[in-house]
Amino acid sequence: MPTLLWFRRDLRLNDLPPLLEAAADGTEVLACFVLDPRLETSSGPRRLQFLGDSLRTLADSLDGRLLITRGRPEERIPLLCKQINATDVHISADFTPFGVRRDAAVAAALADSGVTLQATGSPYLVTPGRVTKDDGTPYKVFTPFLARWRDVGWRGPAASATAKVNWIDPADLSAKLRVDAPDPGADLDLDAGEAAALAGWKEFVGSHLADYDEDRNRPDKAATSRMSAHLKFGTIHPRTMAADLDFRAKGPASYLRELAFRDFYAAVLDQWPDSAWWNWNRNFDAIEVDTGPEATKAFEAWKEGRTGFPIVDAGMRQLRDSGFMHNRVRMIVASFLVKDLHLPWQWGAQWFLEQLVDGDMANNQHGWQWCAGSGTDAAPYFRVFNPTTQGQKFDPDGEYIRRWVPELAGPELAGVDVHRLKDGPPPGYPEPIVDHAAERVEALRRYGQIG
DNA sequence: ATAAATTTGAA
DNA sequence: TCAAATTTA
């Protein structure tokens with residue numbers, strides 16, 4: 001009874017125990033990844049590169065016995081089932097609204113075929129929906145969620161891949177079904193694949209975890225784990241990471257809290273799928289946002305890192321030039337878009353999702369809603385980040401700015417001076433596009449109007 | 001009740 | 001050919 005294993009993302013093989021542990025010896029399994037053509041047009045090149053690289057390493061780990069195919073999953077999967085006479089389809093679980101819709105479409109397409117379909121391999125420590133209050137309702141605030149989340153707990157990582165199944169060689173299938181993993185030729189500052197993820201994690205644990213609580217907000221330091229893209233594409237499992245954390249110490253406890261945030265936002269999206277693109281708090285629908293030609297111009301300056309605010313521009317250029325941005329800087333540039341430029345948070349969220357290699361629907365959208373004040377557990381609306389003092393505080397020597405904004409890397413702007421261009425902008429660097437003090441007042445006025 | 005890209009389908 | 005519907009992040 002052959003099985004079709006559909007990787008919606010590159011989950012670790014040893015995190016697929018439902019299949020690998022329950023399968024009878026010698027079960028024939030075809031591992032496949034269905035590449036939706038539109039995925040290739042709506043993702044930035046670095047995102048696509050990381051996906052392609054991840055797929056190639058997954059294929060390597062399966063000795064090439066991974067079928068990469070193209071088309072709509074609800075069309076491809078039934079076709080593949082016929083090709084190999086599959087009786088079961090296992091899908092790597094996905095809790096995004098898109099994933100849920102896709103599962104339904106595939107299930108509908110398989111309805112009359114007698115093929116069973118099941119989701120497997122939750123990419124979270126605690127699967128969305130499992131952390132609830134005593135009355136069964138979902139948490140809307142992170143801190144109480146965190147306490148209950150710890151109590152629910154999770155199992156350890158699977159010991160090893162029990163590869164007693166026979167992987168079907170895709171070379172035996174029609175050549176028409178096979179395509180290459182995307183390879184747009186983009187430069188990445190992070191290696192894809194399970195081995196690279198694990199090596200990076202061990203390096204972080206050994207060298208930076210102890211200082212994580214203190215240094216995690218410092219974009220000038222290599223103080224964070226850089227696991228976000230690996231978590232997004234499943235090349236590492238949070239269970240593997242959590243097993244290395246001694247929660248009694250400050251650094252590990254602080255890191256675990258971030259993993260809990262990831263689970264929290266996944267649970268929020270699962271509970272309220274519309275919060276991906278609409279205000280979770282619908283009171284915010286009434287807020288006044290700018291959308292005209294002037295707004296488009298400001299949005300372009302923000303995207304290109306030409307706002308005249310050094311920390312904002314450094315972050316936006318890091319994003320565009322590397323596909324990553326330090327989390328503290330994400331908050332600063334988001335606050336700037338929402339509260340200084342008065343643009344809809346969705347504009348920023350979309351740009352992030354497209355450009356970030358780690359762009360994840362739940363984390364990204366709710367992170368933006370947090371900044372906009374419209375989300376669960378949102379930042380108080382009156383908290384308007386001052387981009388200059390944020391920069392001074394978290395990049396005290398200006399090293400981060402000099403790394404990403406070459407116009408500000410000259411010797412005349414030593415150390416912290418790079419945050420306040422008191423002699424005006426150097427050649428090639430723009431004047432500030434807004435007056436922060438004035439826009440802060442304007443933002444408070446708009447927020448005040450919706451009560 | 002998003003914005004952008006794409007497909008569908010009515011003229 | 002163009003507007004409407006669908007799909008996607």
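Note that these values count all heavy atoms, side chains included, but never hydrogens, waters or copies made by symmetry. None of these values were measured; they are calculated from a predicted model. Chain letters run A, B, ... following the sequence lines, proteins first, then strands; residues in each count from 1.
Side-chain atoms of A/Gln118 do not come within 3.5 Å of backbone N or O of A/His90 as any donor-acceptor pair.
With sequence neighbours excluded, the residues that form a ring-ring contact (aromatic ring centres under 6.0 Å, His included) with A/Phe204 are A/Trp201, A/Tyr212, A/Tyr255. For the ring-ring contact (aromatic ring centres under 6.0 Å, His included) test, residues two or more places apart in sequence or in another chain that qualify with A/Tyr265 are A/Phe261, A/His366.
Separating the CD atom of A/Glu74 from the P atom of C/dT6 is a distance of 14 Å, rounded to the nearest angstrom. If you take CG of A/Asp358 and P of C/dA9, they are 16 Å apart, rounded to a whole angstrom. For A/Met361 and C/dT8, the CE to C1' distance is 8 Å, given to the nearest whole Å. For the pair A/Asn363 CG and C/dA9 C1', the interatomic distance rounds to 14 Å; values are reported in whole Å. Atom CD in A/Glu75 sits roughly 15 Å away from atom P in C/dT6 (whole-Å rounding).
For A/Arg72, no side-chain nitrogen or oxygen approaches OP1 or OP2 of C/dT6 to under 4.0 Å.
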Handout entry: Contact letters for nucleotides 1-6 of chain B, in which S counts primed atoms plus P, OP1 and OP2 and B counts the base, heavy atoms under 4.0 Å
Key = BBS--S

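If you look at A/His230 and A/Phe50, their ring centroids are closer than 6.0 Å.
A salt bridge between A/Asp358 and A/Arg226 is absent, with no side-chain N of the basic residue lying under 4.0 Å from a carboxylate O of the acidic one.
Defined by atom type and a distance below 3.5 Å, a donor-acceptor pair is missing between the side-chain atoms of A/Tyr139 and A/Asp377.
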